[in-house]
Amino acid sequence: MRVLITGSAGFIGSHTCVELLENGIQIVGMDNFVNSSPEAVKAVSKITGKEYPFYDCDMLDEGAFEKIFQENSIDAVIHFAGLKAVGESVQKPLEYYHNNIQGTLNLLRLMRKYKVYKLVFSSSATVYGMNNPIPYREDMPIGGTTNPYGSTKFFIETILQDLAKAEPEWKIALLRYFNPVGAHASGLIGENPKGIPNNLMPYISRVAEGTLEKLHVYGGDYDTPDGTGVRDYIHVCDLAAGHLKALEKLDDIQGARAWNLGTGKGISVLEVVHAFEKASGRPIPYSIDPRRPGDLPAFYADASRAKEELNWEAKLSLETMCRDAWNFIVKSQESQ
Ligand code: WQD
């Protein structure tokens with residue numbers, strides 16, 4: 001089987017490339033490096049000892065995008081490519097809707113033209129919106145999203161559901177991620193956002209390495225055990241394994257089906273801080289600041305459907321997530 005991976009140089013994309021290559025699956029990589037680096041393309045080969053075709057290509061460039069399908073016999077696609085910063089999406093909604101939705105439509109039209117009907121889509125727990133009780137279950141209504149980034153994921157899931165209803169050839173997995181963190185044990189790939197990180201774990205990593213002064217904890221007065229926000233953090237390598245399981249499941253399904261990829265456990269901001277201090281041996285100074293607009297107090301997954309239907313569950317602990325995230329920073333510093 002040969003799988004096209006859009007966004008293959010990204011945080012989750014690169015880890016999924018490793019997982020597929022290590023399981024004997026041929027891949028074709030593609031990325032425009034808007035939020036990733038060519039280093040990750042090489043690092044995947046270094047980790048696995050395997051080379052693979054890679055295209056520096058923007059999914060909005062239809063000609064370049066079609067070339068990938070003309071030059072490679074693609075059997076399935078894992079679609080990661082997309083802009084994904086919640087805060088930035090509020091400032092730049094038109095760019096987010098154009099890039100994420102038009103890019104996906106370009107992909108789907110090419111897949112249909114080249115008779116490729118197997119798709120794993122990188123969705124997000126954000127699609128559950130503000131109105132669902134926790135833990136989130138896949139049969140809950142989606143929508144009510146609170147930012148353009150989350151809305152693009154909701155709209156694309158809706159497009160995929162409608163497409164699968166109209167054209168029975170499609171086999172589509174909608175993978176709803178919770179909070180991916182950590183890095184490959186080699187320290188050669190990991191989460192390395194450009195600029196000041198929006199997300200908790202990369203921000204803490206920068207405080208630990210001394211490039212940011214302290215962590216600003218957004219809210220200490222939530223109705224949670226220690227007053228800080230609660231999320232379902234999942235190791236990126238567990239997440240990558242979930243993509244392989246979903247890919248293998250596609251032969252057994254018709255249409256589009258959602259699976260939560262989470263641990264099913266809620267962990268608070270301060271629990272992450274303390275675990276990271278233990279894993280890195282570095283203090284993480286912080287202040288309790290006002291809540292971040294749009295944040296929910298707590299959400300985490302009901303992960304039972306993936307366990308039952310994909311024979312997949314998250315295995316790696318918060319301690320391992322922090323240890324691997326810190327190891328990636330240390331290795332990155334050593335290579336500079
Ligand atoms: C986690 C917790 C913050 C930063 C978003 C997207 C989701 C996915 C992951 C792409 C919250 C707190 C954070 C900081 C803090 N993205 N926090 N100080 O908002 O749960 O999810 O990113 O797929 O789709 O919605 O992740 O890491 O930003 O926040 O206190 O500097 O950490 O308030 O409680 P979030 P996050």
Side-chain angles (χ1 to χ4, degrees), residues 7 10-13 15-16 35-36 79-90 96 100 121-130 134 136 142 144-154 156-157 174-182 191 193 195-208 211-236 239 242-243 260-263 266-276 284-301 318 321-322 325:
F11 175 40
I12 303 165
H15 287 81
T16 304
N35 189 32
S36 57
H79 181 35
F80 292 106
L83 299 174
K84 59 156 231 169
V86 170
E88 185 185 55
S89 78
V90 175
Y96 268 68
N100 290 7
F121 173 59
S122 165
S123 191
S124 166
T126 325
V127 302
Y128 288 107
M130 309 274 279
I134 47 177
Y136 292 153
I142 60 173
T145 42
T146 59
N147 58 76
Y149 158 75
S151 296
T152 66
K153 294 296 187 183
F154 168 53
I156 293 168
E157 280 208 20
L174 309 169
L175 299 186
R176 294 173 183 166
Y177 311 155
F178 282 72
N179 287 60
V181 295
E191 188 171 19
I196 305 280
N198 295 294
N199 296 134
L200 179 67
M201 188 68 89
Y203 199 104
I204 288 177
S205 298
R206 298 278 171 83
V207 173
T211 51
L212 287 172
E213 181 222 346
K214 67 174 178 176
L215 171 69
H216 298 272
V217 177
Y218 297 141
D221 58 352
Y222 285 111
D223 180 15
T224 60
D226 62 16
T228 63
V230 167
R231 294 291 185 273
D232 184 332
Y233 296 96
I234 176 171
H235 197 294
V236 63
L239 200 63
H243 285 73
N260 288 335
L261 295 188
T263 65
I267 292 173
S268 78
V269 174
L270 290 183
E271 283 176 304
V272 175
V273 168
H274 298 140
F276 202 98
I284 308 291
Y286 66 86
S287 59
I288 301 288
D289 287 22
R291 297 179 177 187
R292 180 171 65 177
D295 267 354
L296 295 175
F299 60 84
Y300 47 90
L318 174 64
M321 297 176 209
C322 294

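Both ligands and their constituent atoms are indexed starting at 1 by order of listing.
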Inset, instruction - Kindly write out the residues that satisfy side-chain hydrogen bond (donor to acceptor under 3.5 Å, both in side chains) with E191, not counting sequence neighbours, or none if the list is empty. - result: none
Legend entry - Test side-chain hydrogen bond (donor to acceptor under 3.5 Å, both in side chains) applied to S89 - qualifying residues, sequence neighbours left out: none
Inset, instruction - Considering only non-hydrogen protein atoms, determine which one is nearest to atom 7 (C) of ligand 1 and report residue, atom name and distance to 0.1 Å. - result: T126 OG1, 3.8 Å
Inset, instruction - Please say whether K84 places an N or O atom under 3.5 Å from an N or O atom belonging to ligand 1. - result: no
Inset, instruction - For atom 35 (P) of ligand 1, state which one of I196, L296, L270, N179 supplies the nearest heavy atom. - result: N179
Inset, instruction - Decide yes or no for M201 and Y233: does some side-chain heavy atom of the first lie under 4.5 Å from some side-chain heavy atom of the second? - result: no
Inset, instruction - Starting from atom 19 (O) of ligand 1, find the nearest protein heavy-atom neighbour and note its residue, name and distance. - result: R292 NH2, 2.9 Å
Inset, instruction - Decide whether a cation-pi geometry holds between R176 and Y136; the criteria are a distance under 6.0 Å from NZ or CZ to the six-membered ring centre and an angle within 45° of the ring axis. - result: no
Inset, instruction - Report the nearest protein non-hydrogen atom to atom 12 (C) of ligand 1: residue, atom name, distance rounded to 0.1 Å. - result: V269 CG2, 3.8 Å
Inset, instruction - Report the nearest protein non-hydrogen atom to atom 23 (O) of ligand 1: residue, atom name, distance rounded to 0.1 Å. - result: Y149 OH, 2.8 Å
Legend entry - For atom 2 (C) of ligand 1, the option (of Y233, F178, Y218) bearing the nearest heavy atom: Y233
Legend entry - Contact partition for N198 relative to ligand 1, non-hydrogen atoms under 4.0 Å: backbone
Legend entry - Structural part of V86 in contact with ligand 1, heavy atom criterion under 4.0 angstrom: side chain
Inset, instruction - Report yes if the distance between the aromatic ring centroids of H243 and Y177 is under 6.0 Å, otherwise no. - result: yes
Inset, instruction - Could you tell me whether the side chain of T126 reaches within less than 4.5 Å of the side chain of K153, counting heavy atoms only? - result: no
Legend entry - Donor on one side chain, acceptor on other, E88 and Y96, under 3.5 Å: yes
Legend entry - Closest protein heavy atom to atom 36 (P) of ligand 1, given as residue, atom name and distance to 0.1 Å: N199 ND2, 3.5 Å
Inset, instruction - Have a look at ligand 1 and work out which part of L215, if any, has a heavy atom under 4.0 Å from it: side chain, backbone, both or neither. - result: side chain
Inset, instruction - Could you tell me whether Y203 and ligand 1 have an N or O pair separated by under 3.5 Å? - result: no
Inset, instruction - Give yes or no for whether the N/O distance cutoff of 3.5 Å, strictly under, is met between Y177 and ligand 1. - result: no
Inset, instruction - Please report the shortest heavy-atom distance between A301 and G262, naming the atom on each side. - result: CB-CA, 4.1 Å
Legend entry - Proximal ligand 1 atoms for V217, defined as those under 4.0 Å from one of its heavy atoms: 30 (O)
Inset, instruction - Return the residue, atom name and 0.1 Å-rounded distance of the protein heavy atom closest to atom 20 (O) of ligand 1. - result: R231 NE, 2.6 Å
Inset, instruction - Work out which heavy atom in V230 is nearest to a heavy atom in P225; give both atom names and the distance. - result: CG2-CD, 4.5 Å
Legend entry - Closest approach of any protein heavy atom to atom 34 (O) of ligand 1, naming residue and atom: G229 CA, 3.6 Å
Inset, instruction - Can you see which heavy atom on G220 is nearest to which on T228, and at what distance? - result: CA-CG2, 4.3 Å
Inset, instruction - Please state whether the rings of F299 and F178 are parallel, tilted or perpendicular, taking 30° and 60° as the class boundaries. - result: tilted
Inset, instruction - Specify the protein heavy atom at minimum distance from atom 33 (O) of ligand 1: its residue, its atom name, and the distance to 0.1 Å. - result: D295 OD2, 2.6 Å
Inset, instruction - With heavy atoms only and a cut-off of under 4.0 Å, state how K153 meets ligand 1: side chain, backbone, both or neither. - result: neither
Inset, instruction - Using a 4.0 Å heavy-atom threshold (strictly under), name the region of L200 that reaches ligand 1: side chain, backbone, both or neither. - result: both
Inset, instruction - Check whether any side-chain heavy atom of L212 sits under 4.5 Å from a side-chain heavy atom of I196, and report yes or no. - result: yes
